[in-house]
Number of protein chains: 2
Amino acid sequence: MKKVTILDIAKELNVTFSTVARALNDHPAISAATKKAVRETAERMNYRQNKIASSLRSGRTNVIGVVVPSLRVTFFSSVVAGIEQVMNANGYNILLYQSNETLDQEKKGIETFLQSRVDGIIASISTETTDYGAFHEIIKRKTPLIFFDRTIEQLDMPSVTIDDYKGGFIATEHLIRQGYRRILHISADREISIFKERLRGYIDALEYYNIPVDEELIIKGNFSLEFGKSVIREARLSGLKFDAVFALEDYTAMGVLQQLLEFKVKIPDEIGVIGFANEAFGSLVTPQLSTIDQQTLAMGKEVAKLFLKLKKDEMTGEKKLEKIVLDPLLIIRASSERHK
Amino acid sequence: MKKVTILDIAKELNVTFSTVARALNDHPAISAATKKAVRETAERMNYRQNKIASSLRSGRTNVIGVVVPSLRVTFFSSVVAGIEQVMNANGYNILLYQSNETLDQEKKGIETFLQSRVDGIIASISTETTDYGAFHEIIKRKTPLIFFDRTIEQLDMPSVTIDDYKGGFIATEHLIRQGYRRILHISADREISIFKERLRGYIDALEYYNIPVDEELIIKGNFSLEFGKSVIREARLSGLKFDAVFALEDYTAMGVLQQLLEFKVKIPDEIGVIGFANEAFGSLVTPQLSTIDQQTLAMGKEVAKLFLKLKKDEMTGEKKLEKIVLDPLLIIRASSERHK
DNA sequence: CTGAAAGCGCTAACAC
DNA sequence: GTGTTAGCGCTTTCAG
């Protein structure tokens, strides 16, 4: 079972292998008859193009590298799903790498992508990434680079994100409209811009509605279900008064919900709760958790489309930096809906 | 910014490019001094190996293709995460493809993998896959093929699965031990072996404990949260008596739970519920959902390890067909725990 | 419309 | 220890 190459097909048909190559690539200057004959024998001989050889010669691989922190986070696997769908539909393949939130692995991933001569790189950076060397390398190599969600602003690259500021704003606004006034916000202690943006949205919404911003109501920590619970426990101990909670992400919000229920607090009557991310469990828990949807699949598709557009613009010589910002969606559920 | 090749490094150092190639590949017959010099100039000139050229020449790509139905299903993204972790640690990269549960896309994915000359293919088949042509092709090409979870038994390939029969058995056994006797089982109407195995486990557990198998208590359909709800509604209408439900997967179990709660049924006192898959939401809902854990990350890692082992055995000439079967884990939570 | 020829950047067998 | 040489299987000018 020797592998068959275009040369074998050429011999079979008494033409040169370049004619075969052209026919296979649907070159315009080949007669329909030849094309038909070539395709038929290719099929018959079970020929299969060698993309490696093709890539080496042409300089294009039709592969794009995708680095994400972890596929085990629904957000990322969902975005990757979107990227993959659109890219495959357009003849590209995805090389996948997980950074596991470490700078070291992120670098290694980018390094292999570059060695594999990918046609582009899509990335969402790790929480550890403060050294941008690997990304500078991508740019130096003139490999197209697109960020999504977690970007590096200084690099000024095309990106697709959601408007976290707006997400923070509409979450807070919703609580205000439901009549809540002392809204506790749980934020992160890390310097990640998306969380700072959500916080900024929270503050601006309060100000917009003339509600005083109370620093005591802004609590920062290492977000998790457990942290959400502990925030509520400590608030009770310290006697902190609040009538709603806006948590930076759903698991933390879930912790809040669980602890409040344990304390027999009525949700949403006494205290309203809203999270962020629209994790699958939100619609399944009791009471159902209000949240902000980040349009993950759409984000993936947008990233892919942006890449394809970039390629096209490159050919037509256009050059503009696109930063797509998607709208967050307010998902109102029982945990925060006081007035029907 | 011309790309630098081993030839450029060779010129710089007045040696031939093959010496450079050897040095870079840590060939034993190269002096330490030369190696050092080569590495330094390579670094200085910002050289980066071209994997395409290397692959074309050597016949190895160090890439393996992974086809899964969808990354949006936690089970699959989690397994892929495991595969990726181990493979990357061993110098392999992952080409990713989603079949979206269609035969057509699955075929396309395999086709491109073959064209890309991947060193192996890891697959979990789509629910539509009844024509095995694409997989025969993989085997014909002598490309290593490993299945996980959803396999094609006729092909007799290495695989990693969990013991679905045992999962069905222990889920049912647990319910029996909790004192439930009329256990409703929701199964699938499709011909997928994993679901049939769970059903078989259910039946055997009943027989083992001398409980009559009542065909009325086995309901098949297109599993989903909605289906779980409708099963309960219809059971109430038809007056079907049962005191527990074992659903083939968690979303269906969740539908069961929700509908029972709507009917004010006490869980687990009146009716016990257990699912399958250990989705993230199970520990967050009220009551918490008992389930069977499938060890997804471990499964991914096992698949990767099996691939690496296959490669090694290939070199040493060994040849045995390994089918790894992982143990399902019983996760007992409030929805089925009557006796503490 | 088709053929001839060069070469992408590397590996590996064979010399010396 | 290092050099020579021959491709891997394609794409892509340049001819005709």
Side-chain angles (χ1 to χ4, degrees), chain A residues 1-39 41-42 45-63 91 112 114-119 141, chain B residues 1-39 41-42 45-63 91 112 114-119 141-142 315:
Chain A
M1 169 96 207
K2 215 190 125 296
K3 350 184 146 152
V4 8
T5 72
I6 46 173
L7 199 68
D8 301 312
I9 301 178
K11 277 182 193 145
E12 192 83 2
L13 290 171
N14 280 317
V15 289
T16 49
F17 69 97
S18 52
T19 301
V20 174
R22 285 193 189 99
L24 255 16
N25 290 326
D26 207 22
H27 191 105
I30 294 284
S31 72
T34 316
K35 278 183 190 167
K36 188 158 173 281
V38 168
R39 278 195 196 129
T41 27
M45 297 178 78
N46 201 15
Y47 167 78
R48 191 159 277 120
Q49 187 198 40
N50 185 329
K51 285 203 174 197
I52 306 291
S54 155
S55 296
L56 178 59
R57 181 56 235 249
S58 69
R60 281 173 293 101
T61 52
N62 280 333
V63 169
T112 41
L114 257 18
Q115 290 183 176
S116 300
R117 302 298 192 264
V118 295
D119 287 350
R141 293 253 155 193
Chain B
M1 169 98 207
K2 216 189 127 291
K3 0 193 135 145
V4 8
T5 72
I6 46 173
L7 198 67
D8 300 313
I9 301 178
K11 279 182 193 148
E12 192 83 1
L13 290 172
N14 280 317
V15 289
T16 49
F17 71 99
S18 56
T19 301
V20 175
R22 285 192 190 102
L24 255 16
N25 290 328
D26 207 22
H27 192 105
I30 293 284
S31 73
T34 317
K35 277 183 189 167
K36 187 158 175 281
V38 167
R39 279 194 196 130
T41 29
M45 298 177 78
N46 201 16
Y47 167 78
R48 191 160 276 119
Q49 187 198 42
N50 185 330
K51 287 203 171 194
I52 306 292
S54 157
S55 296
L56 178 59
R57 182 55 234 252
S58 69
R60 281 175 295 100
T61 52
N62 280 334
V63 169
T112 42
L114 257 18
Q115 291 182 176
S116 300
R117 302 297 190 266
V118 294
D119 287 350
R141 294 252 156 194
K142 300 205 192 311
M315 316 249 289

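Since this is a predicted model, take the numbers as computed values, not measurements. Chain identifiers are assigned alphabetically (A, B, ...) following the order of the sequence lines, protein sequences preceding nucleic acid strands; residue numbering begins at 1 within each chain.
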- A/Arg117 and A/Ser55: CA distance, side-chain angles, deciding distance, side chain to side chain contact (heavy atoms under 4.5 Å, CB included) verdict: CA-CA 9 Å; A/Arg117 302 298 192 264; A/Ser55 296; over 6 Å; no
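- Taking every heavy atom of both residues into account, B/Met45 and B/Val4 meet most closely at O-CG1, 3.2 Å.
- The two residues A/Leu56 and B/Ala53 come nearest to each other via the heavy atoms CD1-CB, 3.7 Å.
- Residue B/Val20 forms a side chain to side chain contact (heavy atoms under 4.5 Å, CB included) with just one option from B/Val38, B/Thr41, B/Thr5, B/Ile30, and that option is B/Val38.
- Comparing the start and finish of the helix from C/dC1-D/dG16 to C/dC16-D/dG1, five pairs each, the helix axis swings through 30°, to the nearest 10 degrees.
- Contact between B/Gly59 and B/Asp119 at its shortest, heavy atoms only, is O-OD1, 4.3 Å.
- Between atom CG of residue B/Leu13 and atom CG of residue B/Asp8 there is a gap of 11.0 Å, rounded to the nearest 0.5 Å.
- Taking atom CG of A/Asp26 as the reference point, atom C1' of C/dC1 lies 15 Å away to the nearest angstrom.
- Residues from residues 27-38 of chain A that place a heavy atom under 4.0 Å from any atom of DNA chain D: there are none.
- As a whole-Å value, the separation of A/Leu56 CG from C/dC10 P is 9 Å.
- Within the structure, every pair that satisfies the side chain to side chain donor-acceptor pair (under 3.5 Å) test and touches residues 22-37 of chain B, not counting sequence neighbours, is listed here: B/Asp26-B/Lys35, B/Asp26-B/Arg39, B/Ser31-B/Thr34, B/Lys36-B/Glu40.
- Distance check: B/Thr112 OG1 to A/Asn62 CG gives 10.5 Å after rounding to the nearest 0.5 Å.
- Taking CD1 of A/Ile52 as the start and OG1 of A/Thr61 as the end, the distance is 9.5 Å to the nearest 0.5 Å.
- For the pair B/Tyr47 OH and C/dG9 C1', the interatomic distance rounds to 8 Å; values are reported in whole Å.
- Annotation: the span from A/Leu24 atom CG to A/Thr19 atom OG1 amounts to 11.5 Å, rounded to 0.5 Å.
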- Between protein and nucleotides 11-16 of chain C, map the contacts as a letter string: B base, S sugar-phosphate only, - none, heavy atoms under 4.0 Å, written 5' to 3'. BBBB--
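- Read 5' to 3', the first and last nucleotides of DNA chain D with an atom closer than 4.0 Å to a heavy atom of chain A are D/dG9 to D/dC14.
- Sorted by first and then second residue, the pairs that involve residues 48-63 of chain B and meet salt bridge (charged side-chain N to carboxylate O under 4.0 Å, His left out), not counting sequence neighbours, are A/Glu111-B/Arg48, A/Glu137-B/Arg48.
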